[in-house]
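The structure presented is a predicted model; accordingly, all values stated were derived computationally and were not measured.
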Amino acid sequence: MNAKPEKVKTTLKRMFSLKEDTATHEEIRDRLISGGKITGTNMCVLICAMVIASVGLNVSSTAVIIGAMLISPLMGSILAMAYALVSNDFRLMRNHAIGFGMQIVISLATSTIYFLLSPVKEATPELLARTSPTFFDVLIATAGGVAGIIGQTRKGIFNNIIPGVAIATALMPPLCTCGYSIANGNWKMLGGAAYLFIINAYFIFLASAVILSILKTPKVRQLTEIEWKKLRFKMIRNTLIVLIPSILLTVLMLRQS
């Protein structure tokens with residue numbers, strides 16, 4: 001009598017198993033760490049992506065913006081930081097966090113210079129669309145982070161996943177909008193665009209860390225009970241800090257509409 005339900009349960013478990021075609025831990029580590037490296041090549045590609053995205057936002061061209069998102073290396077740094085956190089490699093975490101910070105600074109500088117020089121000063125619909133983050137952006141970033149890290153941990157890289165995640169989570173346009181806001185002194189736009197970027201980056205990072213934990217990523221060292229409690233408290237605190245404003249903004253948007 002119980003054979004059929006048990007068979008269905010086993011089938012469903014296999015269908016949604018993340019470990020069915022997972023790459024080796026060594027391969028995953030090499031792939032994620034190399035993807036987060038700040039090299040001359042990556043920085044040149046980043047600057048090119050920022051210029052392309054800025055032009056796309058400036059002339060309101062969706063196709064150009066998508067092209068910029070496809071070549072952006074920002075996603076690699078976020079996934080590398082997630083791996084470093086889950087593996088308890090805090091030296092590696094610090095190095096990639098510094099690298100990610102450098103990428104943000106260079107991205108902001110590139111987009112700000114572009115918009116200072118651009119003769120088109122009016123905020124286009126594409127720019128304005130990146131200034132009103134809501135809880136829906138949290139859902140998109142979380143789902144994108146899950147899909148992205150799953151794609152990166154399979155046997156052989158599924159190249160159709162990462163471009164889709166890059167487009168859906170949209171890390172580049174909010175940074176470009178920040179550059180536009182700085183260049184034109186629009187601080188309200190700057191706040192909205194910066195918050196959207198933080199939402200996207202943080203929840204991609206968080207979702208990736210959760211999946212890597214499920215895959216039982218090897219630890220560089222084991223945390224003590226006190227260290228684990230501190231880390232868990234910080235993660236919960238940071239998640240609430242990033243999440244709560246998006247919920248309030250969503251409620252406000254729904255009331256206004």
**Pairwise distance CD1(Ile66) to CE(Met69) - rounded to 0.5 angstrom** = 5.5 Å

**Message:** Given 3.5 Å as the limit, does a donor-acceptor pair link the side chain of Gln256 with the main chain of Met253, or not?
**Reply:** no

**Request:** Is it possible for you to say whether Leu190 and Leu116 belong to one hydrophobic cluster, with membership spreading through side-chain heavy-atom contacts below 4.5 Å?
**Result:** no

**Over all atoms of both residues, closest heavy-atom pair of Ala49 and Ile71** = CB-CG1, 3.7 Å

**Message:** Would you say that Leu117 contacts Ile113 through its side chain, given a criterion of any heavy-atom pair below 4.5 Å between the two side chains?
**Reply:** yes

**Fill in**
Output for pair (Ile65 CD1, Cys176 SG), nearest 0.5 Å, gives 8.5 Å

**From Leu240 atom CG to Leu243 atom CG, the distance as rounded to the nearest 0.5 Å** = 6.5 Å

**Prompt:** Any donor and acceptor pair, going by atom type alone, linking the side chain of Tyr195 with main-chain N or O of Thr134 inside 3.5 Å?
**Reply:** no

**Asked** Does the side-chain contact (heavy atoms from CB on, under 4.5 Å) test come out yes or no for Phe90 and Leu223, once each step is laid out?
**Response** CA-CA 11 Å; Phe90 297 115; Leu223 298 182; 3.7 Å; yes

**Prompt:** With Phe205, which of Asn238, Ile149, Val210, Leu85 fulfils side-chain contact (heavy atoms from CB on, under 4.5 Å)?
**Reply:** Leu85

**Request:** Answer yes or no: are there more than 12 heavy-atom neighbours, outside Ile226 itself, under 6.0 Å from its atom CD1?
**Result:** no

**Request:** Would you check, one step at a time, whether the test salt bridge (Lys or Arg N to Asp or Glu O under 4.0 Å) holds for Glu227 with Arg221?
**Result:** CA-CA 12 Å; Glu227 288 176 324; Arg221 70 180 182 87; 3.2 Å; yes

**Full working for side-chain contact (heavy atoms from CB on, under 4.5 Å) between Ile199 and Ser246** = CA-CA 9 Å; Ile199 285 175; Ser246 72; 4.0 Å; yes

**Item:** Close side-chain approach of Ser61 to Glu126, heavy-atom, < 4.5 Å
**Value:** no

**Request:** Could you state whether Val45 and Met50 fall into the same hydrophobic cluster, counting links through intermediate Ile, Leu, Val, Met, Phe, Trp or Tyr residues with side-chain heavy atoms under 4.5 angstrom apart?
**Result:** no

**Prompt:** So, do Thr22 and Leu215 sit near enough that their side-chain heavy atoms are less than 4.5 Å apart?
**Reply:** yes

**Message:** Around atom NZ of Lys121, are there more than 12 heavy atoms from other residues, nucleotides or ligands closer than 6.0 Å?
**Reply:** yes

**Request:** Grab the two heavy atoms, one from Asn58 and one from Tyr114, that are nearest each other, plus how far apart they are.
**Result:** OD1-OH, 3.0 Å

**Prompt:** Do Phe203 and Asp137 have side chains that get closer than 4.5 Å, going by heavy atoms?
**Reply:** no

**Message:** Taking the side chain as everything from C-beta on, heavy atoms only, tell me whether Leu46 gets closer than 4.5 Å to Ser107.
**Reply:** yes

**Item:** Contact check, side chains of Gln103 and Ile106, non-hydrogen atoms, under 4.5 Å
**Value:** no

**Prompt:** Does NZ in Lys219 sit with more than 12 non-hydrogen atoms of other residues, nucleotides or ligands closer than 6.0 Å?
**Reply:** yes

**Item:** Arg237, CZ: over 12 other non-hydrogen atoms inside 6.0 angstrom
**Value:** yes

**Message:** Quick check: closest heavy atoms across Trp187 and Ser181, and the distance to 0.1 Å?
**Reply:** CZ3-O, 4.5 Å

**Asked** With no hydrogens and no angle check, is any side-chain donor or acceptor of Asp89 less than 3.5 Å from a backbone partner on Ala84?
**Response** no

**Request:** Please report the closest heavy-atom contact between Val220 and Asn88, naming both atoms and the distance.
**Result:** CB-O, 4.3 Å

**Prompt:** Are Ser208 and Ile204 side-chain neighbours, meaning at least one heavy-atom pair lies under 4.5 Å?
**Reply:** yes

**Request:** Give the minimum heavy-atom separation between Ala201 and Leu171, together with the two atoms involved.
**Result:** N-CD2, 3.9 Å

**Message:** Please determine whether residues Leu175 and Ile52 belong to a single hydrophobic cluster, defined as Ile, Leu, Val, Met, Phe, Trp and Tyr linked transitively by side-chain heavy-atom distances below 4.5 Å.
**Reply:** no

**Prompt:** From Asn95 CG over to Phe100 CZ, what is the distance, rounded to the nearest 0.5 angstrom?
**Reply:** 15.5 Å

**Prompt:** With a 4.0 Å cut-off, would you call Glu26 and Arg31 a salt bridge?
**Reply:** no

**Fill in**
Between Met235 and Tyr202, the two heavy atoms sitting closest are O-OH, 3.3 Å

**Prompt:** Considering residues at least two apart in sequence or located in another chain, which fulfil the ring-ring contact (aromatic ring centres under 6.0 Å, His included) criterion with Phe115?
**Reply:** Tyr180

**Message:** If you apply the rule side-chain contact (heavy atoms from CB on, under 4.5 Å), what do you find for Leu128 with Thr177, and how did you get there?
**Reply:** CA-CA 8 Å; Leu128 294 172; Thr177 305; over 6 Å; no

**Thr142 side chain to Val138 backbone, donor-acceptor under 3.5 Å** = yes

**Request:** May I ask whether Met102 and Leu108 are part of the same hydrophobic cluster, defined by side-chain heavy atoms of I, L, V, M, F, W, Y residues being less than 4.5 angstrom apart, directly or through others?
**Result:** no

**Prompt:** Does the side chain of Ile247 come within less than 4.5 Å of Thr250's, by heavy atoms?
**Reply:** no

**Asked** Between Val146 and Ile214, is there a shared hydrophobic cluster once you connect ILVMFWY residues whose side-chain heavy atoms come closer than 4.5 Å?
**Response** yes

**Request:** For Ile198 and Val242, run side-chain contact (heavy atoms from CB on, under 4.5 Å): C-alpha distance rounded to whole Å, both residues' side-chain angles, the deciding distance at 0.1 Å, then the answer.
**Result:** CA-CA 8 Å; Ile198 291 170; Val242 178; 4.2 Å; yes

**Separation of Asp30 CG from His25 NE2 (nearest 0.5 Å)** = 13.0 Å

